[in-house]
Amino acid sequence: MYNVVMSDLKMEDVVSLCKRRGFIYQGSEVYGGLSGTWDYGPLGVVLKRNIMNLWWKMFVEDREDMYGVDAAILMNQKVWQASGHVDTFVDPLCEDIETKKRYRTDHILKDNGIDPTGMTMAQMDEAITENNILSPEKNKLSQSRTFNMMFTTHVGPVADENSVSYLRPETAQGIFTNFKNVVDSFYPDLPFGIAQQGKAFRNEISPRDFVFRSREFEQMEIEYFIDPEHWEDLFEQWRQNIYEWFEVLGLPKECIHELEVPEQDRAHYSKRTIDFEFDFPHGRDELLGMAYRTDFDLNNIQRDSKKSMEYTIKGTNTKFIPHVIEPSFGVERALMAVLSAAYREDEQNGERRTYLALPEHLAPYKFCVSPLLKNKPELVEKAREVYLDLKKKYRNITWDDNGNIGKRYRRQDEIGTPNCIVIDFDTLEDDTVTVRDRDTTKQTRVKIENLIKYDE
Ligand code: GAP
């Protein structure tokens, strides 16, 4: 008996399972792919939505201080000028002087065992020279320059400087620009939050590590508007909320690490940032971030739009621009962490088995229903009855009558289905079925009428 532990898990194993079993495919694969883009298959889309819906339930529906929005991806270019993204949303880029291939300078250093944390671009270049670091093709590297990661486009038929727009690099700005609208419609007491989920786009210099660093991805962000006097307490509360999130995702505590981001590495808007890192198959890396964004964004909006972003405390004349705590979650990174934490290999009856020990509330299918034999109409008919009944309650259940029972179990194990229900000849006599547990492989006989109860 052996078990793949997370420290032994290889990225290739996760990538290969995802492709084989219909979770994630390379974007535009049929045309040779488009770097940094990924398509979600039938199981990937369910897993991703389960994660996003869980987040929405936990951070919006279950709370009394949260409001949801869904803002447009394309926004007025002034948004990105005011937010500082046009000037400062940059990464350091260097070039292989022979092949002209481009790399992120901090990634080159990391790959050569040098921690670039806190280094300026000039210091990174110095480190490259001093350590004789070459490109992955073993050629000299150029000096670094900055590269803006926003995708530019034009809105409307005329492509000039006035029609420039950007694919949003963060969902946060769609929240800030609606702050005043939400206050005017609902007038919530401070502190309160506005949440948004949706696509974000970054022209990453070197997308890598599967979906971890993509050019198109999804974020789930909260801007929590506060009186600055209480920022430290509220920051701490959000830190705790984030650990509750890790728990519902089923992520082992020992694989999560906090990184207090030093000032020189923080985003231009942040006074304090904690990166929550996870032990991914490619190494320890950022899963999500939490920043104290102060009143940076609302102040900029007020300055550039000439509209007041002040908030008046109810029943008083006290007015101020609220400060913000921002927990910012990446969906793909959450999904990759969930898959990595759930990936297992063991041995069953002398055969190696791969399975995903996904938490039940995240698994793409809750149940798989099968007739023991496909060529016995009475078993198939009974199995269809059970399947359709369960499908009414849980939409995400599946039917499988291909191959023998052993093969069906292996298939369901690999996609993380927690329970397989088999209808056999005894079912026709006593209305009981076999329920087989994914993790223990233990089989239990259960009355059909108790199946729903069995699950509860
Ligand atoms: N509004 C703040 C913000 O966008 P960020 O640290 O740049 O902060 C937040 O991004 C989260 O978005 C990250 O912690 C990560 O989970 C996710 N993310 C950022 N860039 C990504 C990329 N290229 N691919 C996948 N996820 C990404």
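A quick note: this is a predicted structure, and the numbers were derived from the prediction, not measured. Counting convention: from 1, in listed order, for ligands and their atoms alike.
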task: For Asn148 and His85, run side-chain hydrogen bond (donor to acceptor under 3.5 Å, both in side chains): C-alpha distance rounded to whole Å, both residues' side-chain angles, the deciding distance at 0.1 Å, then the answer.
output: CA-CA 8 Å; Asn148 193 300; His85 283 80; over 6 Å; no
query: Can you list the steps and then say if His282 with Phe212 is a ring-ring contact (aromatic ring centres under 6.0 Å, His included)?
result: CA-CA 10 Å; His282 65 273; Phe212 180 87; 4.8 Å; yes
- prompt: Should Lys407 and Asp400 be marked as a salt bridge (charged side-chain N to carboxylate O under 4.0 Å, His left out) after you check the CA-CA gap, both sets of side-chain angles, and the distance that decides it?
  reply: CA-CA 10 Å; Lys407 286 211 173 100; Asp400 192 355; over 6 Å; no
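Minimum heavy-atom separation, Val158 to His154: O-CB, 4.5 Å.
For a heavy-atom separation below 4.0 Å, the residues in contact with ligand 1 are Glu170, Ala172, Arg202, Glu204, Val211, Phe212, Arg213, Ser214, Phe217, Gln219, Glu221, Tyr269, Glu286, Leu287, Leu288, Gly289, Arg293, Glu326, Ser328, Gly330, Arg333.
Salt bridge Glu414/Arg20: present, at least one basic N to carboxylate O contact under 4.0 Å.
Cation-pi contact between Lys314 and Tyr187: present, with separation from the ring centre below 6.0 Å and deviation from the ring axis of at most 45°.
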